[in-house]
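The chain is numbered in sequence order, starting from 1. Just so you know, these numbers use all the heavy atoms, side chains as well, and skip hydrogens, waters and symmetry mates.
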Amino acid sequence: MTRWIDGTGAARRIRERVAREITMSFTPDTAPGLATVLVGQDPASAVYVASKRRTVRTLGMRDLHPPHTRRIGR
């Protein structure tokens, strides 16, 4: 017997629960965060990191992505 799982709905419910828990448990200054570092110029990596950063901000978490201050390598 085949059983379909609504992955989109499950993900939405998880995000809603996490956002609610963060809002109830933390202030904006003490909320958990996600640190991301993007090295290089790969467009797919930039899209992936941007997606993660957008998600953490939506959840009420801190976005800890440092600005590029210098170029590494050649």
Side-chain angles (χ1 to χ4, degrees):
M1 173 182 230
T2 302
R3 180 174 180 204
W4 291 94
I5 298 173
D6 177 14
T8 301
R12 179 182 40 77
R13 288 188 298 276
I14 291 168
R15 283 191 302 271
E16 289 170 353
R17 183 180 45 128
V18 169
R20 199 169 41 251
E21 289 179 13
I22 289 171
T23 301
M24 292 184 337
S25 302
F26 299 97
T27 66
D29 291 337
T30 62
L34 176 70
T36 55
V37 177
L38 183 60
V39 177
Q41 303 295 323
D42 181 45
S45 294
V47 169
Y48 179 79
V49 169
S51 171
K52 299 302 141 195
R53 294 181 68 201
R54 198 170 30 254
T55 299
V56 299
R57 289 191 304 267
T58 300
L59 295 175
M61 296 171 67
R62 293 181 296 149
D63 176 13
L64 305 170
H65 185 80
H68 282 254
T69 55
R70 68 176 221 200
R71 188 178 163 120
I72 299 173
R74 296 192 195 285

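By the salt bridge (charged side-chain N to carboxylate O under 4.0 Å, His left out) test, E16 is found to be paired with R12, residues two or more places apart in sequence or in another chain being considered. Considering only residues two or more places apart in sequence or on other chains, T58 meets the side-chain contact (heavy atoms from CB on, under 4.5 Å) condition with none of them. Under the side-chain hydrogen bond (donor to acceptor under 3.5 Å, both in side chains) criterion, T55 pairs with no residue at all, not counting sequence neighbours. Residues forming a side-chain contact (heavy atoms from CB on, under 4.5 Å) with I14 (at least two apart in sequence, or on another chain): R17, V18. Residues forming a side-chain contact (heavy atoms from CB on, under 4.5 Å) with Y48 (at least two apart in sequence, or on another chain): K52. A search for salt bridge (charged side-chain N to carboxylate O under 4.0 Å, His left out) contacts involving R53 returns D63, not counting sequence neighbours. With sequence neighbours excluded, no residue forms a salt bridge (charged side-chain N to carboxylate O under 4.0 Å, His left out) with R20. For R13, the side-chain contact (heavy atoms from CB on, under 4.5 Å) partners are A10, not counting sequence neighbours.
Note on residues 22-38: pairs passing side chain to side chain donor-acceptor pair (under 3.5 Å), not counting sequence neighbours, are T27-T30, T36-H65.
I22 approaches G60 most closely through the heavy-atom pair CG2-O, 3.7 Å. Counting all heavy atoms, side chain and backbone alike, F26 lies closest to A31 at CB-CA, 3.7 Å.
Other members of the cluster containing L64 do not exist, because no ILVMFWY side chain is joined to it at under 4.5 Å.
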